[in-house]
There are 4 protein chains.
Amino acid sequence: MEEISIKYDSAFKKKKGRYEEIIIAAGKIFSSKGFHRARVEEIAKEAGIGKGTVYEYFKSKRHLFVEVIKYFTTKFLKEFKEAACSGKDYREKLENALGLLIDILHESSGFFELLVRDRWEMDERLYQWMVKVRGEASKVIEDILAEGIKAGKIKDINPRIPAMILIESSRLALFSGDLGNEGMSPGGLKRAIIDVVLNGILR
Amino acid sequence: MEEISIKYDSAFKKKKGRYEEIIIAAGKIFSSKGFHRARVEEIAKEAGIGKGTVYEYFKSKRHLFVEVIKYFTTKFLKEFKEAACSGKDYREKLENALGLLIDILHESSGFFELLVRDRWEMDERLYQWMVKVRGEASKVIEDILAEGIKAGKIKDINPRIPAMILIESSRLALFSGDLGNEGMSPGGLKRAIIDVVLNGILR
Amino acid sequence: MEEISIKYDSAFKKKKGRYEEIIIAAGKIFSSKGFHRARVEEIAKEAGIGKGTVYEYFKSKRHLFVEVIKYFTTKFLKEFKEAACSGKDYREKLENALGLLIDILHESSGFFELLVRDRWEMDERLYQWMVKVRGEASKVIEDILAEGIKAGKIKDINPRIPAMILIESSRLALFSGDLGNEGMSPGGLKRAIIDVVLNGILR
Amino acid sequence: MEEISIKYDSAFKKKKGRYEEIIIAAGKIFSSKGFHRARVEEIAKEAGIGKGTVYEYFKSKRHLFVEVIKYFTTKFLKEFKEAACSGKDYREKLENALGLLIDILHESSGFFELLVRDRWEMDERLYQWMVKVRGEASKVIEDILAEGIKAGKIKDINPRIPAMILIESSRLALFSGDLGNEGMSPGGLKRAIIDVVLNGILR
DNA sequence: AATGAATGAGTCTTCATTCAT
DNA sequence: AATGAATGAAGACTCATTCAT
């Protein structure tokens with residue numbers, strides 16, 4: 001299969017494929033080992049190319065790292081925003097957005113830990129980028145909550161804190177399995193979080 | 001003052017102080033730079049000793065890292081549990097415990113990011129340790145919530161998820177300033193989180 | 001003018017021009033950076049061709065270097081010999097030959113430093129080539145001096161040493177500006193050298 | 001012998017010996033291969049130490065190179081100035097100074113070619129250093145000639161050009177053997193150069 | 001013939017760790 | 001016990017060269 005598609009692929013790759021291929025391979029390796037333990041040669045191998053080729057596309061390991069972060073966060077934000085639109089009311093939108101976030105965290109936990117973990121690797125510009133991404137993600141949820149407020153379903157409060165609580169709480173998906181919440185599927189986690197934040201736990 | 005106590009300290013250090021001093025110095029450096037960027041020599045310098053001496057007390061940089069994690073998490077857990085006892089009812093206890101957690105995250109954000117970030121550096125044993133610490137922290141909050149349930153104040157639900165939401169949400173303290181929640185003091189954040197989780201946001 | 005001749009040139013180049021163009025481009029780059037710091041890609045760019053094309057004409061960077069040395073030294077020797085013929089007597093010939101040498105050193109100091117500097121890059125054959133070039137240049141001056149001897153103007157000595165002193169002294173043109181002999185034009189330098197060597201400095 | 005002196009040596013080395021040992025080893029390797037072809041590991045091996053140790057004493061290969069140049073030129077200048085003082089009159093001083101220069105060029109030709117050859121490797125500061133060294137060497141000869149002028153032995157001219165001619169001509173020592181002036185010993189070369197420059201070659 | 005994307009051998013450099021003092 | 005000079009394994013990065021198009 002690999003063999004069969006070589007010609008088609010290689011014709012395509014020259015244009016933009018290589019760049020993206022390397023990003024994706026690097027995403028895998030960085031996610032599983034972190035910046036420092038990831039070896040450029042290993043990334044190249046994962047991408048099925050030679051070590052030097054990486055440097056044809058990226059100035060340095062650090063630059064590659066930055067592009068990996070940007071690539072995946074951009075991709076995530078796009079999907080997240082789309083999910084946040086697809087629903088008939090604020091409640092459905094909330095479920096869709098949070099569901100997507102939790103699914104992604106659940107599946108790609110490695111990558112999302114990068115965002116916190118390798119904060120040390122970030123220069124100021126990348127750090128500001130991450131702050132912006134975080135802010136945008138928060139805004140997506142805030143807007144949904146604002147819709148709920150407008151519809152009279154939600155208390156008329158500043159939706160920022162609840163929005164951020166919802167997002168932070170989604171991080172629990174990272175620890176499923178490790179923390180005894182076995183049997184807690186992504187879907188179950190989503191419902192539980194929404195339930196707590198919407199209804200509270202007071203009797 | 002610093003100067004005055006030096007002699008006393010250095011005489012005393014020979015017994016047990018050195019070990020702890022190194023841990024504390026290493027905590028500072030690891031927190032601010034992460035495992036890989038921290039240099040053993042810098043840690044030694046911070047501790048006011050020679051590089052070789054570090055290896056008299058710790059087998060390797062990795063071993064030192066493990067002990068640093070254990071030292072600070074143990075210290076944290078102890079304080080966290082104490083805070084969770086000091087209050088006349090579940091509500092006060094919750095405020096005290098969460099307040100402490102948020103304060104620590106706010107002050108020592110660098111260190112607590114270690115716990116997530118350098119997950120990659122952990123061998124299985126340290127990872128299990130961290131899982132245990134997380135579990136115990138969760139248990140502390142769960143017990144407080146259970147007290148509230150028993151007192152009839154809180155719905156009769158499994159308190160695990162709310163407990164973990166409370167803990168995860170506390171992480172917002174890590175981003176104060178960066179994320180536009182300026183003006184949100186640790187105290188304000190604590191109250192906001194408790195309010196949302198206890199009462200929910202539905203009208 | 002440059003533009004106008006491009007088409008003509010490029011049509012012509014296919015035959016022999018390319019080869020020479022590359023040599024000239026390489027001469028520029030090697031002269032300004034030396035062998036090691038010169039990049040094949042940069043040479044290609046300077047020649048207005050692709051990197052791979054260089055290898056169509058030259059087996060390797062080293063081979064190209066050798067040809068560059070040969071090309072320019074041959075060119076220089078030819079001009080040097082011509083200058084050494086153009087004069088009515090030994091004195092005029094000496095002035096013309098030395099004048100040319102000094103002018104070339106003054107203008108293309110970079111290239112002539114190659115000859116010494118990258119001695120390490122030379123394999124035995126190129127080294128012998130350089131020895132031969134040096135010998136021929138010396139011979140040109142020796143012959144002029146011999147003419148002077150024959151004419152009874154110059155002492156009847158072996159002209160080799162004076163010839164080589166004249167040539168070595170011409171190297172001072174390399175340092176004009178750096179060494180405080182500012183204001184010493186190539187012409188002035190030429191006259192000063194000839195004056196000293198012919199007349200000596202004793203009172 | 002080597003063995004016998006180990007303790008004495010090693011006690012001494014710790015202070016300043018290592019630094020100088022590395023310089024000397026590096027001088028050997030740089031001289032014989034030039035900057036680029038010299039391998040740090042080979043320099044270390046020549047010095048009888050490990051590769052990493054070089055970096056304990058020198059920040060980088062380039063820094064080491066700079067120090068090598070400075071070390072040997074300083075040493076040369078010192079000896080050159082001393083030789084230029086040791087003589088009863090200008091003539092003896094000239095013979096001593098030029099004799100030393102020619103001997104050194106003859107023996108350590110590799111090193112002195114560095115001075116020209118690796119001009120490309122020099123940053124501006126090192127280049128200025130070399131200009132200064134050249135200027136000082138010239139000044140030494142100029143002063144000797146000035147003494148001759150004062151004594152009425154030499155024409156009352158600016159001694160700079162003759163001084164520089166004497167120095168440049170000494171470079172012929174670099175080519176003894178290669179250029180057919182076989183049998184021309186350093187001593188013979190010295191006398192020939194002085195003779196030509198002092199007396200000139202006109203009949 | 002011309003190209004430039006791909007390659008990997010070759011090097012500098014870092015830094016955890018050792019060990020003689 | 002304490003030290004820091006010495007070490008060398010490990011890894012990022014460069015660039016001459018190749019070769020499919």
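Both backbone and side-chain heavy atoms feed into the values below; hydrogens, waters and symmetry mates do not. In what follows, every chain begins at residue 1, and chains take the letters A, B, ... in the order their sequences are listed.
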* **Base-contact (B) and sugar-phosphate-only (S) positions in nucleotides 14-19 of chain E, heavy-atom cut-off under 4.0 Å, - elsewhere** => BSSBB-
* Asked: Hey, what's the ring geometry for F65(C) with F35(C), parallel, tilted or perpendicular (30° and 60° as the breaks)?
  ->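 It falls in the perpendicular class, over 60°.
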Atom [atom1] of [X] and atom [atom2] of [N]: how far apart are they, to the nearest Å?
| X | N | atom1 | atom2 | result |
| --- | --- | --- | --- | --- |
| I22(A) | dA5(E) | CD1 | P | 12 Å |
| I43(A) | dG11(F) | CD1 | C1' | 12 Å |
| H63(D) | dC12(E) | NE2 | C1' | 14 Å |
| Y19(D) | dA6(F) | OH | P | 14 Å |
| F65(A) | dG11(F) | CZ | P | 18 Å |
| R18(D) | dG4(F) | CZ | P | 17 Å |

* Asked: side chain to side chain donor-acceptor pair (under 3.5 Å) with T74(B): which residues, sequence neighbours excluded?
  ->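 Residues passing side chain to side chain donor-acceptor pair (under 3.5 Å) with T74(B): none at all.
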* Please list, chain by chain and in numerical order, all residues satisfying side chain to side chain contact (heavy atoms under 4.5 Å, CB included) with Q128(B), sequence neighbours excluded. =>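 By the side chain to side chain contact (heavy atoms under 4.5 Å, CB included) rule, Q128(B) matches E124(B), V131(B).
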* To do: Look at the side chain of K75(B) and the backbone N and O of K70(B), then say whether any donor-acceptor pair between them is shorter than 3.5 Å.
  =>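 No, because the side chain of K75(B) does not come within donor-acceptor range (under 3.5 Å) of the backbone of K70(B).
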* Asked: With distance as the sole test, does T53(D) use its side chain to make a donor-acceptor pair with the main-chain N or O of I49(D) at under 3.5 Å?
  ->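 Side chain of T53(D) to backbone of I49(D): no pair is present.
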* Contact summary for G27(B) and F72(B), nearest pair of heavy atoms ->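 Closest approach of G27(B) to F72(B), heavy atoms only: CA-CE1, 3.9 Å.
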* Asked: Residues in ring-ring contact (aromatic ring centres under 6.0 Å, His included) with Y55(B), at least two apart?
  ->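 Expected list: none.
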Show me the donor-acceptor pairs, under 3.5 Å and distance only, between side chains in residues 39-46 of chain B and residues at least two apart or in other chains.
unit_1 : atom_1 : unit_2 : atom_2 : d
R39(B) : NH1    : H36(B) : O      : 2.8
E42(B) : OE1    : K33(B) : NZ     : 3.2
E42(B) : OE2    : K33(B) : NZ     : 3.2
E46(B) : OE2    : K28(B) : NZ     : 3.0

* Do any side-chain nitrogens or oxygens of Y57(C) fall under 4.0 Å of OP1 or OP2 in dA2(E)? ->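 For dA2(E), OP1 or OP2 has a side-chain N or O of Y57(C) closer than 4.0 Å.
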* Using Watson-Crick or G-U wobble pairs with both distances under 3.5 Å, give me DNA chain F in dot-bracket, 5' to 3', with [ ] for crossers and | for pairs to another strand. => .||||||||||||||||||||
